[in-house]
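Step one of this worksheet: look at the structure below.
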Amino acid sequence: MKIAVIVFPGSNCDVDLYEALHSVCHADVEYVSHKEKSLDGFDAVMLPGGFSYGDYLRAGAIARFTNIMPAVIRMAKEGKPVFGTCNGFQILTEVGLLPGALKRNDSQKFVCKTVPLEVVNNQTIFTRQYKDHERIALPIAHADGSYFADEQTLDRLEENHQVVFRYAEENPNGSLRNIAGITNERGNVLGMMPHPERAVEALLGSTAGLRLFKSLLETGSAKVEE
Amino acid sequence: MKQAMTPEEIKEQKPYLDWSLSEAEYNYISDKLLGRLPNYTETGLFSAMWSEHCSYKKSKPVLRLFPNKNSRVLQGPGEGAGVVDIDDGQAVVFKAESHNHPTTVEPYQGAATGVGGILRDIFSMGARPVASLDSLHFGELTDPKMRMKVAGTVRGIGDYGNCMGIPTIAGETTFDPCYQGNILCNAMSVGLMDQKDLQKGRAAGVGNAVMYVGAKTGRDGIHGATFASADFSDENATQRSAVQVGDPFMEKLLLEACLEVITKHPDWLVGIQDMGAAGIVSSSAEMASEGKSGMELNLDLVPQREPNMSAYEIMLSESQERMLLCVNKGHEGDLKKVFDFYDLEAVTIGRITSGHDYVLYHDGQEVCNIPVSSLTDDVLEEASEEKKPERITKAETQPAWVPEITDAEQTLRDLLQQSTIADKKVFYQQYDSQVRTSTVVGPGSDAGVLRVRGTHKGLSMTTDGNGRFVYLNPEVGGQMALVEAAANIIASGAEPLAITDCLNYGDPNDPEIFWELHQSVKGMADACRVFDTPVISGNVSLYNENNGKAIHPTPMVGMVGLVKNIDHVIPSFAQNAGDQVYLIGKTDDDFAGAEIQKMMTGDISGIVKPFEMEHVHDYMKRLLGEMQAGNVASAHDLSEGGLGVALAETLFKTDLGMNLNLRHLSAAQLFSETPGRLIVTVPVEKAAKFEKTLGEDAQLVGEVTNTHWLEAHLKDAEVNQNVTELQKLWEEAIPCQLKSKD
C-alpha cells in the first residue's frame, strides 16, 4: 500500500506521521505538497497535524481550498483510506468529508498531554487490531479539539457506529459525547484529535497508536466497498 | 511628512540622548570616526548599534572571562548561535536570548517574539530547531496583575512554539517579588545540523546581492535594542510601544525556505543572518563587517507594510520573521523561486561593494555613508565602576540563619506548595512537548531529553538560574547556577557539553550592580572551566529595573549534554521497590537564599557559603560513569527545598515509597540547599559496584518500598507522609493560586 502524507503550509506533524509509517512500520510513504493536484498511484492519504495556514480564520478553513483537496475527496469517494489527525481532522470536517466541527477547547487553552481513550468501534479498517471497547492512552496536543455537531447528527453517528474513539475518564476539551474520533458513513475516512503517530515507539513512552497503522497496513488492499 | 533634523540641529538639540547615545559617544563619532556631524539617519543607526544590546560595550570586559573553546566547539560566541560537535558529522546548535522588557510590557507578544527571535538565530546557522526551553521569573502570584502576565507569557511561548512545531521540552519558572516590575523571559532554542551545512552571518564578494527575505517591514519595535538598554520607570511608560508582533506561521515558512536553500543549494549562499535587534542595520552591518566588505543598500526596495516610512524607521524597525542573505551574483532569481514556492518575499535590496563603506539610499538620495567598522567595531567600551554592596559586607559579620523546625512534616507540605517548587503542569501542558516525535523525556524532569533520529545518541538540555544565591553571593551563586545545570544534565545520564547564558541584571551604571555582574560571571566562568563546559553563545540583558529597584542578579545557564546511548537515559522517578537509595554529596547548614528561608522569614539574607567545585565535579563524573554502565535506576538533582522536596518528587507519579535512615541530618537540614547533591536509586545487585565507584561521596540512606509512603527518620524528627497526599498538595498549589479572586 502506497500512502501519501500531505504537506500544507504550516503542517508540522507531517514528519511524525511520515516517520511512524516509514521508520517504524516500514510502509511505502511519500510526502505530497498541497500544491499538487493528483494522488494517482496512491492507495491511501493522510492529513497531518499542525497549524495549516497558521490556523488563521479557523483551523483547517484555508487548507480545504488547496489544490490537493479535490484529489483527497476523490480518494474518499473511491472508498480508499483517508486519515486525518488533529489539524488533519479539522481539515476533513471543514471540507465536508466528515460531519461536525472542532471548536476551541472549553478551557480556552492549548493542551498537550496523554489521555485515556476507549476504542468504541474496532470494526473499521483503522481499528481492527484493537479489542472491542479496549482502553488505550494517546497524546493530544491542540487548542481547537472540542467536537461539535447537532443532536441529530450525533445520534446518527452513534447509530451508524461512526464514533470510533471516545475520551474515557476525563473530557479534555469539551467534546460533545466525549467524541475523540469519527469516520464517515462508509468507514473509509477517519478523523481524530489524538495523535496515534506519537505513540508508536516504546522509547518515547507508548506504542498504543501503532495498531492503528498496522490495522491499515496489514490488510493488503484496504479499500472499503459501498 | 515632518522634515528630519539637520546635523546641526541634532548637535544642538541632542535627540540622541533619548536614544541612549551619550554626548561623549556622539562627539567621538563626529570628531574621531566621521570627521563631520552625522545626519539624522546616521545618528539613529549609531544609537542602535552602540546600544548595550547590540554592542555589549559595558559587559564586554566581563564577558572575556568566559572560556569559549574546547575540542568540541565548532563555533563560539559572535554568530547567530554556538555550535558543538556531537560526532558522526553532526552538530548541536544552541543559544538563549532574553526578551524581558517586551514581556514585561506586553507578555503575550513579548514572549512569543522572544521564541521567534531565538529560533531564527538557530536556523540562520543552517540547523533545524528541534527543541525549545525557557527560563521564566515572575513576581508573586498573589498579585492579580502578575497572574495575567504569567498567563500571557505562557500563552505567548506556547502559541509561537506550538505553531512552529518545535517542542518545548524543559525549562524553569520561579516567583519572587524582585521580578514584580520587571519579569524575566529567557528563551532557548536547540537545533541539529550536519556540520557541512554550517552557515555564517557574512557578506562578501563585490557585486554579490544582499537579499531581504520574509515578512514586510513596518514601524513595530523601532528602537527595541535601545529600549532593552534602558530601565523602566513610570515616567517613560510611553516608550513601551517598542514591542514587536509575532507571526509564527510566517516564521514556519521562512524556516522551511531557508533550510531548503542552505541544505540543497549551498553554492548560492555566501552568508545569512537573522534580522533581530536593530533590524536591517545590525544584520547588514554585522555581515559586512564579518566579510570585511563594503555594502550599498537601496531602502526603496525594502518590502514595506506602511507608507511613508523614513530611512531611519526602515533601518531600525524590528518587524519579525525577516532574514538577510548574501547571495552569489547570478543566483538571485534561483533563490527567489524557492521563496516564491512558500509565498514569501525575496528581494535584492543592495550589493556588496569594494571598500569598507556602508552606504544607504532612500528616495533617490544618499542618507548614510559611513565606514562599516564605525557601527560594529569602533564602539567605545565603557569602563565601569564597581563596588561591593554593603549588604554583603554586613552579612559577612552576622551569624547564619538556621530555621527552627517544630513540625518537619508540615514544613515539607508547606514547601511543596511554594509556587517556585510546586508542579508547573498547568503551564507546560500548554506547550506541545512531543511534536517531531523525538521527546524521550519531556517537561517536569531535571532535564529534557531528545533522541537524535537515525542514531543511538540523545541530547539532554536544561535551563537554570537562581537569583537569590547570586544576590547574596554573586561569585558562589554564579558557580551554583552552573553546577545546578550540570547536575540536571548528569541526572539524565548525559555528559555536559557546553552552555549558553542570559545575563539578567539591573542598571550597570550602578557600581554595586556592575560588581554583581563581574563577580557572578567570574563564578560562572570558573565553574565552566572545572566542568569543561565552554560558553558558546548567550546574551546580556541589563537595566532590569522598575522605578529604580533592580531585580536579583539572575544569570541563566542553558546547558546541553550528550547522551551516548539513548537506551541509558536515567529517569528522575524511583523505578522499583527494593532499590537502594543513595544521597550523593555532603549536606550542610545552607539556608541563605534557600526556599525555606524565603518561606519562613519572607525574605532572604545571609552569606551563601563557598563549596568545593572540583570535588563536586569529580564525583559527578564518577556517577555519570555508573549511569552509562547501566548501574543506576533513577537520579534526581536536589535544588529548591533541598532533600525533603527532592525525595517527594522522586516518588511522585509512581506508586512507590521510601524508608530512609537520615539520622545524621537534623530536621532543618532536610531542607538545606547545599549545592552539588543528587538522590539516586540503584538496584540491589548493582549496589556493591556503585558503592565502590562513589566511595564516601555516596551515602546509603534507605530503600525504595512499595507502600507509597515517604518515611524518614531524622536526628530530631520523624517524617511519615502519604505520597498521594503530598503530590496532591504539590499539584494543586499553582492552579489554586491562579483561580484566586483577590
Side-chain angles (χ1 to χ4, degrees), chain A residues 7-24 31 33-35 48-57 59 62-63 85-87 105 107-115 138-144 172 194-206 209, chain B residues 128-130 151 154-169 246-257 321 340-344 425-444 449-451 453-454 456 458 566-567 569 571 735:
Chain A
V7 182
F8 297 99
S11 290
N12 60 35
C13 305
D14 45 344
V15 183
D16 308 3
L17 207 43
Y18 179 91
E19 294 292 347
L21 290 162
H22 171 75
S23 310
V24 182
Y31 290 119
S33 163
H34 68 101
K35 294 200 175 175
F51 289 72
S52 60
Y53 294 91
D55 271 3
Y56 296 145
L57 187 58
I62 304 177
T85 170
C86 202
N87 191 226
N105 296 346
S107 67
Q108 302 298 310
K109 290 190 179 106
F110 187 95
V111 59
C112 173
K113 61 179 176 183
T114 295
V115 296
L138 289 180
I140 55 166
H142 58 248
D144 300 288
H195 288 276
E197 79 281 14
R198 293 188 183 188
V200 294
E201 291 177 87
L203 176 68
L204 306 186
S206 166
Chain B
R128 179 174 283 279
V130 291
V154 169
R155 204 160 49 84
I157 290 173
D159 280 4
Y160 209 101
N162 296 346
C163 185
M164 285 291 290
I166 294 157
T168 303
I169 70 164
D247 179 353
F249 172 58
M250 175 73 84
E251 178 127 317
K252 167 73 174 160
L253 300 177
L254 191 60
L255 159 75
E256 298 301 338
E321 293 91 23
D340 277 349
F341 179 86
Y342 293 95
D343 297 319
L344 291 173
K425 193 163 58 196
V426 64
F427 304 135
Y428 68 68
Q429 273 186 349
Q430 296 179 52
Y431 311 144
D432 191 336
S433 55
Q434 303 168 321
V435 60
R436 302 192 56 75
T437 47
S438 285
T439 307
V440 178
V441 179
V449 181
L450 282 187
R451 58 104 173 263
R453 202 184 275 285
H456 269 96
I566 198 70
D567 296 326
V569 169

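Convention: sequence-line order gives letters A, B, ...; per-chain numbering from 1.
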Measuring only between side-chain heavy atoms, which start at C-beta, is [X] closer than 4.5 Å to [Y]?
X: A/Leu204; Y: B/Gln434; value: no
X: B/Tyr428; Y: A/Cys112; value: no
X: B/Pro248; Y: A/Phe51; value: no

What option among A/Tyr53, A/Phe110, A/Tyr56 has the most heavy-atom pairs under 4.5 Å with chain B?
A/Phe110

Can you tell which of A/Ser52, A/Pro139, A/Gly49 has the highest number of heavy-atom pairs within less than 4.5 Å of chain B?
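The answer is A/Pro139.
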
Side chain, backbone, both or neither: which part of [X] has an atom under 4.5 Å from a heavy atom of chain A?
X: B/Arg155; result: neither
X: B/Leu255; result: neither
X: B/Met250; result: neither
X: B/Asp247; result: both

Go through the structure and list residues passing side chain to side chain contact (heavy atoms under 4.5 Å, CB included) with B/Thr439, not counting sequence neighbours.
B/Pro167, B/Ile169, B/Leu450

Mind checking side chain to side chain contact (heavy atoms under 4.5 Å, CB included) for A/Lys109 and listing every partner two or more places apart, or none if nothing turns up?
A/Ser107, B/Gln430

Return the minimal non-hydrogen interatomic distance between B/Cys163 and A/Gly54, and the atom names on each side.
SG-CA, 4.2 Å

What's the spacing between B/Asp432 CG and A/Cys13 SG if we round to 0.5 Å?
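Reported value, rounded in 0.5 Å steps: 6.5 Å.
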
Going from NZ on B/Lys425 to NZ on A/Lys113, what distance comes out if it is rounded to the nearest 0.5 angstrom?
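Rounded to the nearest 0.5 Å, the NZ-NZ separation comes to 7.5 Å.
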
Close approach to chain B in residues 14-22 of chain A, criterion heavy atom under 4.5 Å
A/Val15, A/Asp16, A/Glu19

Would you find a donor on one side and an acceptor on the other, under 3.5 Å apart, between the side chain of A/Asn12 and the backbone of B/Asn162?
yes

Hey, which of B/Phe341, B/Tyr342, B/Tyr431 has the most heavy atom pairs under 4.5 Å with chain A?
B/Phe341

Going by the rule side-chain hydrogen bond (donor to acceptor under 3.5 Å, both in side chains), which residues pair with B/Arg451 if we only count those two or more places apart in sequence or in a different chain?
A/Glu201, B/Ser438

